[in-house]
Each structure stands twice: as C-alpha cells, then as structure tokens.
Amino acid sequence: MRKLVMFIVSFITWMLLVFRGKAGTCCFNLQDVIAGLFAAMLTALIFGETFTKNPHKFFDLRRYLWFLVYLPMFLYWCLLANLDVVYRVFHPKMPINPGIVKVKTTLKSKSGITALCNSITLTPGTLCVDLTDDGYIYIHWINVESQNVEEASRMIIQKFEKILTRIFE
Amino acid sequence: MNEIIGLIFIAVGVFFDLAGCIGLARLPDIYNRLQAATKSVTLGTCLILAGCAVFKGILSPMGIKALICGVFILLTSPTAAHALARGAHLFGVKLWDKSVCDMYEQDKKNF
Amino acid sequence: MSADIIYQVFFGVLLACCSICMYRISSGPTVPDRTVAIDIMGVVMVGFCAILSIVTGKDYYINIAIAWALLSFIGTLALAKFLEGKGFDE
C-alpha cells in the first residue's frame, strides 16, 4: 500500500517533468513513459517503506478540499509577512524586540507538525527553532508580545491548527 | 498581455529578494537574519518562477517545470531554516543583547 | 529595446543581492552566519537562472534551476548537521 502511494506520487512528478505541451497531438513521448514507469518502480521499491505511516489518508478526497481552502489563506499570510519584513528592514530604527518563546500544539502526526512548522516560518515575525516529543515548539519571535505559553499559542498557531487538523489528522 | 503580467510578477519578486538581502546585512544577530532572509527570499524567488511560468504560458513545458521548482523551494526553504536555527543554537551562538527572553536556553539546562 | 533595459535592471539588482551575500560570507562573525548567507545565495541564483531562461529563450536553464535548488538544499542540511556536532572552533 505504501509502495503504491509512493509509485503514484513519483510517477506523476516524472510525467510533469517530461510534459511536452502540444495541444491536439500526443502530449507524451512513449520512451519517456516507459522510462518513467521503471524509475518510479525503482523509487517505490527502495524508499516506499519510509514515505508515510498512514497511506489511507491519501485516498480521502475531503482532505484535498480542505487543502484548497488552506492555500489562499496561507498565501495571504505569506504576503503579509513579506510586507512586515520590508517595513522592519527599511525603517531607519529597526523596530525589533526579539526572543524565543514556547508554545504548545495539539497536532500529533509528524506530517501535520511539519506543515505547522513550515507555516509558522513563513508567516509574520516567527521562526520555528526546535520541538520536543510532548508537543512543545520553541519559536523565535521578532516582536515578543507575550511570554505566557497559552497566550503565545493563541496568538501564533491557533489560526492554523483547526484547518491543519482537518487536513492531516 | 501575458508578458506584461509576468514582468510585473518578476519585478515584485526581485524587490522582495533585495529586501531580504538588505535584511541579511542590517539585522543584528543570526536568528533575525534567518527570519528576514528566509521569508523574503523564498517568496521572492517563487514569484520570479511564477512570473516565468506566466510569461511562457502556464501549460508550456517550461511553465510546468518552473511551477514545480517553485513548489519545491516553498517546501524545502523553511526546512533548511529550521535546521540552521537549531544547529546555530546547539553550536552556541547567543541571542542579541537586547533580546527579551530565551526559554530554549533555560529548558536546555534542565535536560 | 525597452525590454532589454528592464532585464538589465533585474540582473543588476540580483547581482547586488549576491554581493551583499558575499559580504556576509566574508565578514560574518560566526560560522552559522556564513552558512545562512550561502543558503540564501543559492536561492537567489535559482531566480537568476529563471530570468536567464526568459532572456535567452533557451528552456534548459530551468533544468539548471531545479538541479541548483536540490543541491543547495542538501548542502545546507549537511552543513547544519555538521554545526550541531560542536567540535569546531572559530
């Protein structure tokens, strides 16, 4: 099962890489397709066991719909983060107030925590530094507003947690 | 028309790249530099690649390859930033003098 | 004609970014600073290759960009893992 998921993912990636977009005629070369089958099979045989723990999640269509909801929200926060960086960098006095704070997350799965950390890093003023086994994340915050664990959790990660729970848990 | 939209995307991306690199030069310690540089340069390069894709047409071979490269950078750049921040803290780099708090240092002593 | 000037401005700004990164590599106070600058310069060069593929009209520059992104990421991870080992003085 895991190997099947890995095979499908790597084969789709290969197909996008060798795409020859001529509408009407044949979009793919036959040689490319055969080589892609062999390459994807080899990848699935070697790395299939380490890819994911719960492969049935890949066949659940609601997760993809929630991901489509999550994408515009994430792009909006990302753009806001960049405007924030531009403001802080070009300001003559550099209004920064940095520190490392600790927050607690309720996500359990590893892919969910990875997605949460990537989202934290690309949103305004925060950078994920380390995480512990019992669900605490250390975050470098460029403008510390609260050192309390619950309050910082509410301010930083609550806006992602609900929707990431629906995608990854 | 496609070309003008693509050039606007590329111009915005180049501006964000410049902002990130100036942040790399001006900010005081490594964590702040890592923050400014990672955010700005990641989104800037993704905008440049998206502009290339729009310029050549999204369904052309080059457009799809540029979009794949953009998704790849968007996934891997924050991961490299985490690894660097953790490595720098374990290496022993202190925070800036005017920093407010460092809970990671306190908890590391209790381990 | 005017498009050429726009591309030259883009290349100039990206080269300025690379020189700032080179300044940080040469004068960074600690080793992690230099590593950060190397990582950032790799990502900037990916954007450089993408613009180059538009200017010259050759598609294979985007393949170079993909390969550069992969190698830059792996190199940064290796350097970060090396920094955690601590036995390396300034």
Side-chain angles (χ1 to χ4, degrees), chain B residues 3 6-7 10-11 13-15 17-25 29-31 33-34 37-38 40-42 44-53 55-56 60-66 68-70 72-73 75-77 79-94, chain C residues 3 6-7 9-14 16-21 23-24 28-33 35-37 39-51 53-54 57-63 65-70 72-86 88:
Chain B
E3 302 183 352
L7 282 180
I10 295 176
V14 167
F15 173 70
D17 269 5
L18 183 68
C21 285
I22 290 177
L24 189 68
D29 76 340
I30 176 172
Y31 305 100
R33 278 176 208 146
L34 199 53
T38 303
S40 284
V41 174
T42 304
T45 306
C46 284
L47 280 181
I48 289 176
L49 289 164
C52 286
F55 192 95
K56 293 270 182 172
S60 67
M62 193 191 129
I64 288 185
K65 279 179 194 171
I68 288 178
C69 191
F72 184 78
I73 287 179
L75 284 178
T76 58
S77 183
T79 314
H82 305 162
L84 275 175
R86 184 164 179 272
H89 211 291
L90 292 179
F91 183 74
V93 180
K94 294 282 180 288
Chain C
I6 293 177
Y7 291 131
V9 170
F10 289 162
F11 282 141
V13 174
L14 285 182
C17 292
C18 286
S19 3
I20 294 171
C21 290
Y23 159 72
R24 183 50 73 192
T30 59
V31 179
D33 283 311
T35 315
V36 171
D39 178 30
I40 296 305
M41 203 167 99
V43 184
V44 170
M45 289 308 288
V46 172
F48 203 96
C49 287
I51 296 181
S53 76
I54 283 186
K58 301 265 195 309
D59 277 2
Y60 55 78
Y61 278 107
I62 211 80
N63 297 344
I66 293 177
W68 200 313
L70 281 164
S72 162
F73 171 62
I74 293 172
T76 309
L77 276 192
L79 281 172
K81 278 294 167 193
F82 176 67
L83 287 178
E84 289 180 14
K86 269 197 175 179
F88 182 65

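Just so it is clear, the values below take in all heavy atoms, side chains as well, and ignore hydrogens, waters and symmetry mates. The chains referred to below are lettered A, B, ... by the order of the sequence lines, with proteins before strands, and numbering in each begins at 1.
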Inset, instruction - Give, for atom CD1 of C:Ile54 and atom SG of B:Cys52, the distance between the pair rounded to the nearest 0.5 Å. - result: 3.5 Å
Inset, instruction - Could you check if a side-chain atom of C:Leu14 sits within less than 4.5 angstrom of a side-chain atom of B:Asp17, using non-hydrogen atoms only? - result: yes
Inset, instruction - Return the set of residues passing salt bridge (Lys or Arg N to Asp or Glu O under 4.0 Å) with C:Lys58 (not counting sequence neighbours), or none when no residue passes. - result: none
Legend entry - Short side-chain to backbone donor-acceptor contact, B:Arg33 and C:Val36, under 3.5 Å: no
Inset, instruction - Check whether any side-chain heavy atom of C:Ile6 sits under 4.5 Å from a side-chain heavy atom of B:Ile10, and report yes or no. - result: no
Legend entry - Closest-packed option against chain C by number of heavy-atom pairs under 4.5 Å, given B:Gly20, B:Gly87, B:Cys21: B:Cys21
Inset, instruction - Go through C:Thr76, C:Val13, C:Asp33, C:Ile66 and name the one with the most non-hydrogen pairs under 4.5 angstrom from chain B. - result: C:Asp33
Inset, instruction - Let me know if B:Ile68 has heavy atoms under 4.5 Å from chain C in its side chain, its backbone, both or neither. - result: neither
Legend entry - Side chains of C:Val44 and B:Val41 in contact at under 4.5 Å (non-hydrogen atoms): yes
Inset, instruction - Report the option among C:Ala80, C:Cys17, C:Ala16, C:Ala50 that has the most heavy-atom pairs separated by less than 4.5 Å from atoms of chain B. - result: C:Cys17
Inset, instruction - Under 4.5 Å heavy-atom distance to chain C, tell me which part of B:Ala85 shows up: side chain, backbone, both or neither. - result: neither
Legend entry - chain C contact via B:Lys56 - which portion, at a heavy-atom distance below 4.5 Å: side chain
Legend entry - Separation between NZ of C:Lys81 and CZ of B:Arg86, rounded to the nearest 0.5 Å: 5.5 Å
Inset, instruction - Examine whether an atom of C:Ser53 lies under 4.5 Å from a heavy atom of chain B, and if so say whether it belongs to the side chain, the backbone or both; otherwise answer neither. - result: both
Inset, instruction - Identify which part of B:Ile73 has an atom lying under 4.5 Å from any heavy atom of chain C, answering side chain, backbone, both or neither. - result: side chain
Legend entry - C:Leu83/B:Leu90 under side chain to side chain contact (heavy atoms under 4.5 Å, CB included): CA gap, chis, key distance, verdict: CA-CA 8 Å; C:Leu83 287 178; B:Leu90 292 179; over 6 Å; no
Legend entry - Interface moiety of C:Tyr60 toward chain B, non-hydrogen atoms closer than 4.5 Å: neither
Inset, instruction - Enter the distance from B:Thr76:OG1 to C:Asp39:CG here, rounded to the nearest 0.5 Å. - result: 8.5 Å
Inset, instruction - Check whether any side-chain heavy atom of C:Tyr7 lies under 4.5 Å from a side-chain heavy atom of B:Leu7, and answer yes or no. - result: yes
Inset, instruction - Identify which of B:Ile48, B:Asp29, B:Ile22 forms the greatest number of heavy-atom pairs closer than 4.5 Å to chain C. - result: B:Ile48
Inset, instruction - Rounded to the nearest 0.5 Å, what's the gap from CE on B:Met62 to CD1 on C:Ile62? Could you check? - result: 4.5 Å
Inset, instruction - Among the options C:Cys49, C:Gly42, C:Gly47, pick out the one with the most heavy-atom pairs lying under 4.5 Å from chain B. - result: C:Gly47
Inset, instruction - Look at C:Asn63, C:Val9, C:Leu79, C:Ile40 and state which one has the largest set of heavy-atom pairs under 4.5 Å with chain B. - result: C:Ile40
Legend entry - Structural part of C:Ile51 lying under 4.5 Å from a heavy atom of chain B: both
